Structure formats: structure tokens, C-alpha cells
Amino acid sequence: MPALILQLTRVGFLILLWLFVLAAVRVVRSDLKMASDPRTDSRPARTTRKEAHRPAPLAAGSMVPAILVVTAGSLAGTRLRLGSGTILIGRAEDSTLVLDDDYASTRHARIVQQGNGYAVEDLGSTNGTYLDRTRITAPTPVPVGVPIRIGRTVIELRP
């Protein structure tokens with residue numbers, strides 16, 4: 001009987017080892033797919049019929065964001081001036097904001113101008129992008145001063 005239990009334990013361990021290898025291959029494959037996905041480039045996205053229902057731009061008198069500030073993480077204190085271009089965020093060297101964060105994907109998120117304001121969009125990252133404490137799944141308008149969390153890095157838009 002102990003020989004049977006030993007053999008079953010070996011088989012069970014082998015199955016767990018293969019499941020781990022397959023999960024690791026899946027994560028690497030998804031990162032490589034994101035790196036080659038043409039939708040994640042830094043050019044501004046074209047407006048489609050689906051995006052026609054975007055929220056209205058900021059009302060007159062509202063604060064208009066002018067800079068992006070990293071408030072927490074290894075790049076705390078970094079500032080980027082906002083413009084009409086797209087800000088690509090991730091570990092890739094060609095990103096506008098290159099993160100040194102193990103919990104960030106190669107191409108994690110992007111911030112695009114939307115009227116007078118900006119919207120953040122998750123690019124299919126493994127660990128997600130959070131606006132305040134809510135995980136975002138679609139392009140979401142970013143109010144001034146509301147934290148955007150990507151792994152251990154926290155950024156904010158400021159006037």
C-alpha cells in the first residue's frame with residue numbers, strides 16, 4: 001500500500017508541475033501578444049462608432065489637467081507634461097512612462113486626451129489598472145487628483 005501512495009504522490013506532483021509550466025507559458029505568451037498588438041502603439045486611437053457615447057468634456061471652470069505626477073512607486077516625483085499625444089505606460093523601453101515595477105505589464109495602460117480631459121485605458125494587463133479603487137475595463141475619464149494605480153506605482157493628473 002505505501003508503494004501505491006508514493007506512486008500517486010509522484011503522479012500528482014508531476015501534474016502540478018505541468019500546470020505551473022502551462023500557466024507560465026500562458027503569461028509569457030500574453031505579454032508577447034500585447035507587445036505585437038497594433039492597437040497598443042503610441043499613436044492616437046481613431047474614433048469609432050462605439051466610442052461615440054463618450055462622456056462630455058469637462059465643464060467650463062473645471063480644472064484642466066496639465067501634468068501627470070507619479071506619487072508612489074520607484075519613480076515617485078516624476079512629472080510629465082500632458083499634451084495631445086497618447087501617454088503609453090508600461091515596462092517596454094518605448095513607453096512614454098517606463099515603469100520599473102514587477103506588477104506592471106510590458107504595455108500596461110495608456111492615457112489619451114478626451115476633449116478637455118483625459119481618459120485611462122487598460123491594455124489587457126495581467127494585474128489590471130485601477131482608478132481610485134476600481135479596476136477599469138474600458139476607457140475611463142480621469143478626474144484631476146484621482147489616483148491611477150498600476151502595480152505599486154500610483155500616478156495622478158494635476159492642473
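Because the structure is predicted, anything quoted here is derived from the model rather than measured.
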Show me the donor-acceptor pairs, under 3.5 Å and distance only, between side chains in residues 2-10 and residues at least two apart or in other chains.
from	atom 1	to	atom 2	distance (Å)
T9	OG1	I5	O	2.8

### Summary
Taken in chain and number order and not counting sequence neighbours, the residues that satisfy side chain to side chain donor-acceptor pair (under 3.5 Å) with T153 are D101
### Query
With a 4.5 Å heavy-atom cut-off, do L68 and I111 have their side chains touching?
yes
### Task
Give a yes or no on whether D100 atom CG has more than 12 heavy-atom contacts from other residues, nucleotides or ligands under 6.0 Å away.
no
### Any side-chain heavy-atom pair of S105 and R91 under 4.5 Å
no
#### Entry: Close side-chain approach of L99 and H108, heavy atoms under 4.5 Å
no
### Query
Who passes side-chain contact (heavy atoms from CB on, under 4.5 Å) against I15, sequence neighbours left out?
V11, L19
### Message
Just so I know, are the side chains of I67 and L80 near enough to count as touching, which here means a heavy-atom distance under 4.5 Å?
### Response
no
#### Entry: Any side-chain heavy-atom pair of L75 and L97 under 4.5 Å
yes
#### Entry: Pairs touching residues 137-157 that satisfy salt bridge (Lys or Arg N to Asp or Glu O under 4.0 Å), sequence neighbours left out
E156-R158
### Query
Just by modelled atom types, is the D122 backbone N or O under 3.5 Å from a matching donor or acceptor in the T129 side chain?
no
### Query
Among all residues two or more places apart in sequence or in another chain, which pass the side-chain contact (heavy atoms from CB on, under 4.5 Å) test with A92?
D94, S95, T106, R107
### Message
Going by side-chain contact (heavy atoms from CB on, under 4.5 Å), name the residues that satisfy it together with R133, two or more places apart in sequence or in a different chain.
### Response
none
### Task
Would you check, one step at a time, whether the test side-chain contact (heavy atoms from CB on, under 4.5 Å) holds for V70 with V154?
CA-CA 6 Å; V70 180; V154 180; over 6 Å; no
### Summary
Taken to the nearest 0.5 Å, the spacing of Q114 CD from T140 OG1 works out to 9.0 Å
#### Entry: Residues, nucleotides or ligands: over 12 heavy atoms within 6.0 Å of Y103 OH
no
### Message
Within the 4.5 Å heavy-atom criterion, are Y118 and L82 side-chain neighbours or not?
### Response
yes
### Message
Between L14 and L16, is the side-chain contact (heavy atoms from CB on, under 4.5 Å) condition met? List the steps.
### Response
CA-CA 5 Å; L14 188 61; L16 283 174; over 6 Å; no
### Task
In sequence, state the C-alpha distance, the side-chain angles, and the governing distance for I136 and V120, and then conclude on side-chain contact (heavy atoms from CB on, under 4.5 Å).
CA-CA 8 Å; I136 61 168; V120 65; 3.5 Å; yes
### Query
Between I89 and I155, is a side-chain contact (heavy atoms from CB on, under 4.5 Å) present by the stated rule, with each step listed?
CA-CA 11 Å; I89 303 169; I155 60 178; 3.6 Å; yes
### Message
For P159 versus V144, what's the shortest heavy-atom pair and its separation?
### Response
CD-CG1, 3.4 Å
### Query
Is there a side-chain contact between T78 and V69, using heavy atoms and a 4.5 Å cut-off?
no
#### Entry: Side chain proximity check, P139 to V112, heavy atoms < 4.5 angstrom
no
### Contact summary for S125 and R135, nearest pair of heavy atoms
O-NH2, 4.0 Å
